[in-house]
Each structure stands twice: as structure tokens, then as C-alpha cells.
Amino acid sequence: MDVTLHLAQDPEADALLGRSPLAALTGMLLDQQVPMEWAFKGPRTIADRLGVAAGGDLDAHDIAALDPEAFAALLSEKPAVHRYPGSMAKRIQQLCQYLVEHYDGDAEAVWRGVGSGAELLKRLQELPGFGKQKAQIFLALLGKQLGVTPTGWREAAGAYGEATSFRSVADITGPESLAKVRAHKQELKAAAKASRG
């Protein structure tokens, strides 16, 4: 995996996301209840705090083996990696433990060689912290920006797989598309609020 992503809108953070399957999965896991850029900058912040050298990578074995309290403290340092650093630290460790147990710590093995979009969606939904929507968004990101296009991937990704949509992080390629995705999310929130009111 070696592509240029623009999810964090920060060159170093985006470089890590573009070369590290684990960083991309971790960013997706963090992408809830915080701005998208903040979520996807998280893996770089974690790498820095773990002492990972520039050009290095996160390691699922290392993260899974860390003392949970120490890892939570690492995410809680100012600026915190997430609005809820303690619970997200736990989720990241659960994700890494799952990857160690099922994929020998190799995050890319989740999608490497997978035969169909349906199978890939199933694998993503099995990851701790990945419900159907998060799995579909990540599947769309894999297909649209990371060249992972098993048969039927767009269908498996649902509306997020549509070629010309601006629904999610899968569609962000720079500041202009980020603004379109943000506008789409605000429209959805306004519609949901109106239907409740």
C-alpha cells in the first residue's frame, strides 16, 4: 500500500495513512464524534507518541501488548487523540488484538486476495468497532482510493460505493471534496433534526 491520501489534511499524517493499512483502519475506527481530519490525524499522533521513526509504521503486535492504562494515558496526553481517549484506546487495542489473533498482526491481510465485495464487507464487519456503516465506508475507501476492487465491491459498499458521491471519507481527495462531504453530512443532520421536530 503506497498511495497519497488527503483524509487528515496534514502531509505527515496522510503519508502514514497511505502506506499503513493499520493506520488507515485505526483512523477509520477513530472517525466518530470528532471531525474527520482529527480522527485521521490520530494514527500519526499515536505513532509519534510511541516513538515510531519517521517513515515507520504502527505495529499491531506492539499495540496489542501494551499496558491498557499506559496506552490510554498516551492517547489522553494533550492534545488528546480523541474526545474519548480512554474508550478509543481500548477499542484500538481490541482491534490490534483481533488482527494479531486472526491475521498475524497484518492489517492488509484483511483485504489482500479477497474474492468478492461481500466477503470483504463480512471481514470488515468482524473487526472490533466496525459496524455495517463503518465497514461499508472503509470498503468504499479501499475501492475508490487504495485500488482494492474485488468483484461487487461497489454494491457491497452500498451508497458509499457510488462513483460520483460525496458522502464519506472515501470521497475525500483534497480540501474541495472535504467541503462537499462536510456539506452532505450537515444536510443529513438537518434533515434528521427536521424529521424529529
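The analysis underlying the following values was restricted to heavy atoms, covering all of them including side chains, and did not include hydrogens, waters or symmetry mates.
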Salt bridge (Lys or Arg N to Asp or Glu O under 4.0 Å), that's the test. Do E69 and K90 meet it? Break it down for me.
CA-CA 9 Å; E69 285 183 21; K90 187 176 178 180; over 6 Å; no
Starting from the C-alpha separation in whole Å, work towards a yes-or-no answer on salt bridge (Lys or Arg N to Asp or Glu O under 4.0 Å) for R167 and E162.
CA-CA 9 Å; R167 295 178 186 275; E162 291 172 6; 3.3 Å; yes
I would like to know whether R112 and D106 meet salt bridge (Lys or Arg N to Asp or Glu O under 4.0 Å); could you show each step before the answer?
CA-CA 10 Å; R112 187 189 304 116; D106 177 6; 2.7 Å; yes
Residues L75, I92; criterion side chain to side chain contact (heavy atoms under 4.5 Å, CB included); working and verdict
CA-CA 10 Å; L75 266 68; I92 292 167; 3.8 Å; yes
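The backbone N or O of K41 sits less than 3.5 Å from a side-chain atom of T45, completing a donor-acceptor pair. Here the side chain of D31 pairs no donor or acceptor atom with the backbone of G27 at under 3.5 angstrom. Panel note: side chain R123, backbone A109; a donor-acceptor pair is recorded below 3.5 Å. With hydrogens and angles ignored, the 3.5 Å screen pairs a side-chain donor or acceptor of R49 with a backbone N or O of E77. Under the 3.5 Å distance criterion, the side-chain polar atoms of S20 are left unmatched by any main-chain donor or acceptor of L17. At distances below 3.5 Å, not a single donor-acceptor pair connects side-chain atoms of Q136 with backbone N or O atoms of L121.
Put simply, the side chain of V181 does not reach to within 4.5 Å of the side chain of V169, judged on heavy atoms. Counting heavy atoms from C-beta on, the side chains of F71 and I46 come closer than 4.5 Å. For the pair T26 and I63, the minimum side-chain heavy-atom distance is 4.5 Å or more. Residues L141 and V148 fail the side-chain proximity criterion, which asks for heavy atoms closer than 4.5 Å. Annotation: side chain of V110 is not in contact with side chain of P21 (no heavy-atom distance under 4.5 Å).
Residues meeting the side chain to side chain contact (heavy atoms under 4.5 Å, CB included) test with P128, sequence neighbours left out: Q94, L95, Y98. Under the rule for a side-chain hydrogen bond (donor to acceptor under 3.5 Å, both in side chains), the partners of E126 that lie at least two apart in sequence or sit in another chain are K122. By the side chain to side chain contact (heavy atoms under 4.5 Å, CB included) test, A157 is found to be paired with L139, A140, residues two or more places apart in sequence or in another chain being considered. Taking the ring-ring contact (aromatic ring centres under 6.0 Å, His included) definition, one finds that F40 meets it with nothing, sequence neighbours left out.
No chain of hydrophobic side-chain contacts below 4.5 Å, direct or via other Ile, Leu, Val, Met, Phe, Trp or Tyr residues, connects W38 to I172.
Within 6.0 Å of the CZ atom in R91, the count of heavy atoms belonging to other residues, nucleotides or ligands does not exceed 12.
In this structure, Y160 OH and K134 NZ are separated by 10.5 Å, a value rounded to the nearest 0.5 Å.
Shortest non-hydrogen contact noted between A118 and A156 is N-CB, 3.9 Å.
The salt bridge (Lys or Arg N to Asp or Glu O under 4.0 Å) contacts involving residues 137-160 comprise K144-D171, where partners must be two or more places apart or lie in separate chains.
R182 and E187 are not joined by a salt bridge, as no carboxylate oxygen comes within less than 4.0 angstrom of a charged side-chain nitrogen.
Under a 4.5 Å side-chain heavy-atom criterion applied to ILVMFWY residues, the cluster that includes Y84 comprises that residue alone.
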